[in-house]
Amino acid sequence: MMNARQLPELWRRLDATVRDLPLGLLLFAASLLPASHNHGTQLGGLPNRAFDAVAVVAVALQSLPLTVRRRWPVLCLALVSLGFALDQLRGYHSPAGTGLPVALLSVGSHLERHRRTTAVVFSAAYVLLALAMFRVGPGEPPDEFVTFYLAVALAWGIGAWLRSTRIAEAERRRRVAEDTRAAERTRIARELHDVVTHHVTAMVVQAEAARYLTAAPDRLDQALNAVTDTGRQAIGDLRHLLDLLNPGHSGETRTPPVGKLLTLVEQTRRAGQPVEFTEEGTPAESTGSADLVTYRVVQEALTNALKYAHGSRTSVRVHHGEREITVEVGTEGSGSAAGSPGGSGRGLAGLRERIDVLGGDFSTGRRSGGGFVVRARIPTGSSA
């Protein structure tokens, strides 16, 4: 059974003509009630006339076309204006004259093309009506016709304001959607960069080292096993990332938490990089995105160490505080970059943006005695 909350949504799904039909029917019925005869808009001072068959036609023209006021606003205005002119020239003065400002508001709000032409044609038609009524009427002052024109023009202006507001809101939503898509593409690009670059760099370094171990089968076998393990890890991480892009994904942690940093360090060691790892403090119960960002900082720093300081002593220090995690990854000396793929700097820039979002600090620089250091302070508890 449909509940009350579903009714507004069902109503919005109906065609605009169906939703506007009650307004036209209500105005038509109300204007035909005997008590409402000659109690509508009176322009030009013509005396009231009793309702007859022509009056019913005038009322119908002023009310029923409102059913299509959003679908065909110009047609609606033309029919309502014709009915209004007939109503005033015959002296019926029915309440159905209310349909004219409604039709003008609808044109101002929903007409997309030929807006100026419609305004000019309507104004010219009104001038002709005013002249005709001035001739057949008791000679009402012209300012009455001017005042009425300004009043109905205000209805058009309100409709135009509603249209501009609607367009501005649609543009705002479009920009928000584009910004959201751009941010999502950037996030996916970062994740792919972090996952692929680290593993591929490790595999390239390991394969390059294996080239010189042909005379030592045992060590060559270890090196090739390391390449295989790294490739499998890369496939697993990519599979996990692709699962996250699936709309039906349950939303679990996107990457290994800080507790898996040791696995990351061991993988780098197998690639031939001497890494000293130190982890201090107790991780907070709720770290939000801090775990993910910490993992990425270490991953990117170790990737750069493999690229630009291969073989140099590297240290990784992670300290868990009550409200933040501090990370420092540094290398000693310049090492050797032979066999390592180059970089674009995108990874460090992406890390800086991530940490800025969390309200932390990120810095990189060279050591005085040679080498490179990456430092990060990452506040915990944020879900950004």
Side-chain angles (χ1 to χ4, degrees), residues 7-8 10-44 46-115 117-130 132-133 136 145 148-149 151-160 162-163 166:
L7 290 177
L10 178 61
W11 176 257
R12 285 192 293 269
R13 291 180 182 178
L14 294 175
D15 186 80
T17 303
V18 177
R19 284 180 285 158
D20 290 330
L21 179 61
L23 173 62
L25 293 177
L26 180 62
L27 186 58
F28 177 73
S31 300
L32 293 181
L33 293 175
S36 66
H37 290 180
N38 306 126
H39 286 81
T41 304
Q42 185 172 3
L43 183 65
L46 289 174
N48 292 329
R49 174 181 292 191
F51 269 42
D52 52 20
V54 179
V56 176
V57 174
V59 169
L61 286 173
Q62 293 177 91
S63 55
L64 297 182
L66 295 179
T67 303
V68 295
R69 67 185 186 88
R70 279 186 276 191
R71 182 175 291 277
W72 298 301
V74 174
L75 176 63
C76 171
L77 178 61
L79 294 175
V80 171
S81 299
L82 179 61
F84 181 80
L86 181 62
D87 182 286
Q88 298 300 315
L89 288 171
R90 296 278 293 181
Y92 299 124
H93 306 139
S94 70
T98 310
L100 182 62
V102 175
L104 284 166
L105 186 146
S106 302
V107 168
S109 179
H110 300 290
L111 182 61
E112 300 295 336
R113 302 172 59 187
H114 308 301
R115 295 173 60 82
T117 302
T118 303
V120 171
V121 171
F122 172 80
S123 299
Y126 178 76
V127 171
L128 294 177
L129 173 63
M133 297 197 66
V136 301
F145 297 98
F148 183 79
Y149 178 82
V152 293
L154 177 62
W156 178 298
I158 293 174
L162 292 173
R163 176 177 179 271
R166 188 172 63 249

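Quick note: numbers below take in every heavy atom, side chains included, and nothing from hydrogens, waters or symmetry partners.
Take Arg113 and apply the salt bridge (Lys or Arg N to Asp or Glu O under 4.0 Å) test, not counting sequence neighbours, and it matches no residue. Residues passing the side chain to side chain contact (heavy atoms under 4.5 Å, CB included) test with Arg71 are Asp15, Thr17, sequence neighbours excluded. For Leu162, the side chain to side chain contact (heavy atoms under 4.5 Å, CB included) partners at least two apart in sequence or on another chain are Leu105, Ser109, Ile158. Evaluation of the side chain to side chain contact (heavy atoms under 4.5 Å, CB included) rule for Pro101 yields Ala155 as partners, not counting sequence neighbours. In this structure, the side chain to side chain contact (heavy atoms under 4.5 Å, CB included) partners of Val74, at least two apart in sequence or on a different chain, are Leu111, Thr118. Take Ser36 and apply the side-chain hydrogen bond (donor to acceptor under 3.5 Å, both in side chains) test, not counting sequence neighbours, and it matches no residue. With sequence neighbours excluded, no residue forms a side-chain hydrogen bond (donor to acceptor under 3.5 Å, both in side chains) with Ser63. Listed by chain and residue number, nothing satisfies the side-chain hydrogen bond (donor to acceptor under 3.5 Å, both in side chains) test with Ser31 (two or more places apart in sequence, or in another chain).
In this structure, Leu23 and Arg69 have side chains that are in contact, with non-hydrogen atoms separated by less than 4.5 Å. Side-chain contact between Leu77 and Leu100: present, with at least one pair of heavy atoms (C-beta onward) separated by less than 4.5 Å. Between Thr67 and Leu25, the closest side-chain pair of non-hydrogen atoms is not below 4.5 Å. By the 4.5 Å heavy-atom criterion applied to side chains, Val152 and Tyr126 are not counted as neighbours. Proximity of Leu46 to Arg90: side-chain heavy atoms (C-beta onward) are nowhere separated by under 4.5 Å.
Closest of all the heavy-atom pairs between Tyr149 and Ser123 is OH-OG, 2.6 Å. Of all the heavy atoms in His93 and Asp87, the pair that sits closest is N-OD1, 3.0 Å.
Residue pairs meeting the ring-ring contact (aromatic ring centres under 6.0 Å, His included) criterion with at least one member in residues 46-68, sequence neighbours excluded: His37-Phe51, Phe51-Tyr92. Pairs engaging residues 91-103 under the salt bridge (charged side-chain N to carboxylate O under 4.0 Å, His left out) rule: none recorded [sequence neighbours left out]. Counting only residues at least two apart or on different chains, no salt bridge (charged side-chain N to carboxylate O under 4.0 Å, His left out) pair has a member in residues 151-160.
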Just distance, no hydrogens or angles: give the donor-acceptor pairs under 3.5 Å from side chains in residues 53-60, sequence neighbours left out.
none

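The backbone N or O of His110 sits nowhere less than 3.5 Å from a side-chain atom of Arg70 that would complete a donor-acceptor pair.
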Practice task
Let me see the working for Leu104 and Phe122 under side-chain contact (heavy atoms from CB on, under 4.5 Å), right down to the final yes or no.
Solution key: CA-CA 10 Å; Leu104 284 166; Phe122 172 80; 3.8 Å; yes

